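Data block below; observations after.
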Amino acid sequence: MASPFTETVYKATRQIPKGKVATYAQLARMCGNPKAARAVGAAMRTNPDIPKTPCHRVVASDGSLTGYSAGFGIKTKREMLLAEGVSFKGTKVNLAVSQWQK
DNA sequence: ATTTTGACTTAAG
DNA sequence: GCTTAAGCCAAAA
């Protein structure tokens, strides 16, 4: 835990089912602040590990893979999502079929 | 308390 | 597809 908001973001992130992805804005909305997408990203930056919080399942609003500090960065993130069965559209995630639906 | 920064988003060129 | 610009939020300095 780093801060209350960050804690909430982690909790939301852990709820993302395998093979699905959620956008920063979507998680922000779950946390109670639909406009805190940026803060969500800041929280993710603090989270160094995968098994604890699947930050690799969190993508930008258009499905683009941004950030990620582990492994080879974006490249690693893409590989992981692909391995989980997430549908990809070139460099982006095919949100139409892989976006998490609450 | 104020400023800076950033894994964001949308709009516009 | 990429860069700028403006908007909003939270954590860190």
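Computed from a predicted model, the values in this text were never measured in an experiment. Numbers restart at 1 for each chain; the letters A, B, ... are given by sequence-line order, proteins then strands. When reading the values below, keep in mind they use all heavy atoms of this one structure, side chains included, and skip hydrogens, waters and symmetry mates.
- In this structure, A:Ser69 OG and A:Asp49 CG are separated by 11.0 Å, a value rounded to the nearest 0.5 Å.
- For A:Lys35, the listed nucleotide lying nearest its side chain is C:dC8; candidates were C:dC8, B:dT9, B:dA7.
- Here the nucleotide nearest the side chain of A:Ser69, chosen from B:dA7, C:dA11, B:dC8, is B:dA7.
- Residue A:Thr6 has no polar side-chain atom (N or O) positioned under 4.0 Å from OP1 or OP2 of C:dA10.
- The stretch residues 90-102 of chain A has no heavy atom under 4.0 Å from DNA chain B, so no residue of it qualifies as close.
- Judged by distance alone, with hydrogens and angles left aside, the side-chain atoms of A:Lys35 form no donor-acceptor pair with the main-chain N or O of A:Arg29 at under 3.5 Å.
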Can I get a per-line list of side-chain donor-acceptor pairs under 3.5 Å for residues 15-28 of chain A, giving both atom names and the distance, sequence neighbours left out?
{"unit_1": "A:Gln15", "atom_1": "NE2", "unit_2": "A:Lys11", "atom_2": "O", "d": "3.0"}
{"unit_1": "A:Lys20", "atom_1": "NZ", "unit_2": "A:Val97", "atom_2": "O", "d": "3.2"}
{"unit_1": "A:Thr23", "atom_1": "OG1", "unit_2": "A:Gln26", "atom_2": "N", "d": "3.1"}
{"unit_1": "A:Gln26", "atom_1": "OE1", "unit_2": "A:Gln99", "atom_2": "NE2", "d": "3.1"}
{"unit_1": "A:Gln26", "atom_1": "NE2", "unit_2": "A:Trp100", "atom_2": "O", "d": "2.9"}

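- Closest approach to the A:Ser3 side chain among C:dA11, B:dT9, C:dG7 is made by C:dA11 (side chain taken as heavy atoms from C-beta onward).
- Nucleic acid contact class of A:Ala37 (heavy atoms, under 4.0 Å, all strands): sugar-phosphate only.
- Put simply, CG on A:Asn47 and OG1 on A:Thr53 are 4.5 Å apart, with the number rounded to the nearest 0.5 Å.
- A heavy atom closer than 4.0 Å to some atom of DNA chain B occurs in A:Tyr24, A:Ala25, these being the qualifying members of residues 12-28 of chain A.
- At the phosphate of C:dA10, OP1 or OP2 sits under 4.0 Å from a side-chain N or O atom of A:Asn33.
- A:Tyr10 contributes a side-chain N or O that, together with a main-chain N or O of A:Ala43, makes up a donor-acceptor pair within less than 3.5 Å.
- A:Thr13 places a side-chain N or O within donor-acceptor distance of the main-chain N or O of A:Val9, the cut-off being under 3.5 Å.
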